[in-house]
Amino acid sequence: MVSLYLCLLAVFAEGSSVGSFTWANKEEKPALTWPHGKVYFALAEGEFTRIQTAVLFRNLRRLEAVSCVRFLPKPPSQVAHIKFRNVRHRCAASIGYKPNKILDLYIGWPDCHKTGTLQHEILHGLGMWHEHTRQDRDQYITVFWDKIEQGKEFNFKVSPKDKTLSLPYDYGSVMHYRAQAFSKTGNEITLLPRDQSAFRVMGQRKGISMVDIAKLNRLYDCPATFYRGNDLNGVSYISKITSRHQLPARFYKLRDINAINDGSKSDEESKLIESTTGPQNDLTKENL
């Protein structure tokens, strides 16, 4: 498979692909998923530096490594695509594929370029909602509406379109908010987990969890060769994030190839990757 880094060097040559996938069946896919798992994208001209582009590409590659979703540079004739934007400090994305429309996905540097924050917004673009807005969420968390900053309540409303996909509630999902998210004072509790041990993982932004991977693969009906969470039990889960030790080595075999030079990280990049909490300005709507 051609790596995203090589695609970058090719300056997004028309028709170049970062992978291929054949659907296991012909069943109709959910409206918010990208047809055939092919996600066309482009970067807003002049908004990304070389290192910012490399960080973005590495995270796209990580999502490719654990799923059947493939990110392809947008050819001139392609209308529907994700347009990555790097403006102000905004982290925001609308939910999923819209036929014949451009999805502006905001990943403003430096707040939104942490590994988990990037993945959080990209997963919105792929059609995934916040974990704490699933229809069964009241069994696992309590929302304190009076503590939420005015105008940000929509981030906590139950989504009528979200599907649990028969997977357990994941406190450790990269799509879950932290306990103090969008609080009026910044430190009041807006989301209280019924499992008190979940405090330590809620809102983690180190990276996608195993349940996140399973949900993505079920959402896109990926073949059984990809992780679909068949080993997960129970109705709630404090998921561990993915790492080299938790996933087969083949998922990360191109990690060094995607590095900018010799695989070493700059001080700036290291700080982004090691950060564990998401920004306060994540704004997600079905239609921004």
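Below, each value reflects all heavy atoms present in this structure, side chains not excepted, and no hydrogens, waters or symmetry copies.
- Put simply, the side chain of Thr190 never gets that close to the backbone of Trp145: no donor and acceptor are under 3.5 Å apart.
- Applying the side-chain hydrogen bond (donor to acceptor under 3.5 Å, both in side chains) rule to Asp136 yields the partners Arg134; only residues at least two apart in sequence or on another chain are considered.
- Both cation-pi conditions hold for Arg90 and Tyr106: the charged atom is under 6.0 angstrom from the six-membered ring centre and inside a 45 degree cone around its axis.
- Taking the ring centroids of Tyr169 and Tyr171, they lie under the 6.0 Å cut-off.
- Within the 4.5 Å cutoff, side-chain heavy atoms of Leu60 are placed close to those of Phe84.
- Taking each heavy atom of Tyr227 and Met210 in turn, the nearest pair found is CE2-O, 3.3 Å.
- For His81 and Phe41, the ring centers are positioned 6.0 Å apart or more.
- Across all non-hydrogen atoms, the minimal contact from Asn100 to Ala80 is N-CB, 3.7 Å.
- The minimum heavy-atom distance between Leu103 and Gly96, with the atom names listed, is CD1-O, 3.1 Å.
- A donor-acceptor pair is defined here as one N or O able to donate and one able to accept, closer than 3.5 Å; such a pair exists between the side chain of His113 and the backbone of Ile107.
- Under the 4.5 Å side-chain criterion, counting only non-hydrogen atoms from C-beta, Arg194 is in contact with Thr142.
- Pairing each heavy atom of Asp212 with each of Val174, the nearest pair is OD2-N, 2.8 Å.
- Here the side chain of Arg205 pairs no donor or acceptor atom with the backbone of Thr115 at under 3.5 angstrom.
- For the residue pair His120 and Tyr177, no side-chain donor N or O sits within less than 3.5 Å of a side-chain acceptor on the partner.
- When every heavy atom of His176 is checked against every heavy atom of Asp170, the shortest pair comes out as CD2-O, 3.7 Å.
- Counting heavy atoms from C-beta on, the side chains of Ser67 and Ile213 never come closer than 4.5 Å.
- Judged by distance alone, the side chain of Asn59 and the main-chain N or O of Val55 form a donor-acceptor pair under 3.5 Å.
- Between Asn155 and Phe182 the shortest heavy-atom distance is ND2-CE1, 3.8 Å.
- Here Val79 sits alone; no ILVMFWY side chain lies under 4.5 Å from its own, so it joins no hydrophobic cluster.
- Salt bridge annotation for Arg137-Glu131: absent, with no cationic side-chain nitrogen under 4.0 angstrom from a carboxylate oxygen.
- With contacts defined as side-chain heavy-atom distances shorter than 4.5 Å, the pair Leu32/Lys98 qualifies.
- In this structure the side chain of Leu63 never reaches within 4.5 angstrom of the side chain of Val69, judged on heavy atoms.
- Looking at heavy atoms from C-beta onward, Gln52 lies out of side-chain contact with Glu47 at the 4.5 angstrom threshold.
- In this structure, Pro35 and Tyr97 have side chains that are in contact, with non-hydrogen atoms separated by less than 4.5 Å.
- Put simply, the side chain of Ile148 does not reach to within 4.5 Å of the side chain of Lys184, judged on heavy atoms.
- Atoms CZ and CD1, from Phe144 and Ile141 in turn, are 10.5 Å apart once rounded to the nearest 0.5 Å.
- In this structure, Glu188 contributes its side chain and Ser183 its backbone to no donor-acceptor pair below 3.5 Å.
- With hydrogens and angles ignored, the 3.5 Å screen pairs a side-chain donor or acceptor of Arg218 with a backbone N or O of Arg228.
- A distance-only check finds no donor-acceptor pair linking the side chain of Glu64 to the backbone of Arg70 [under 3.5 Å].
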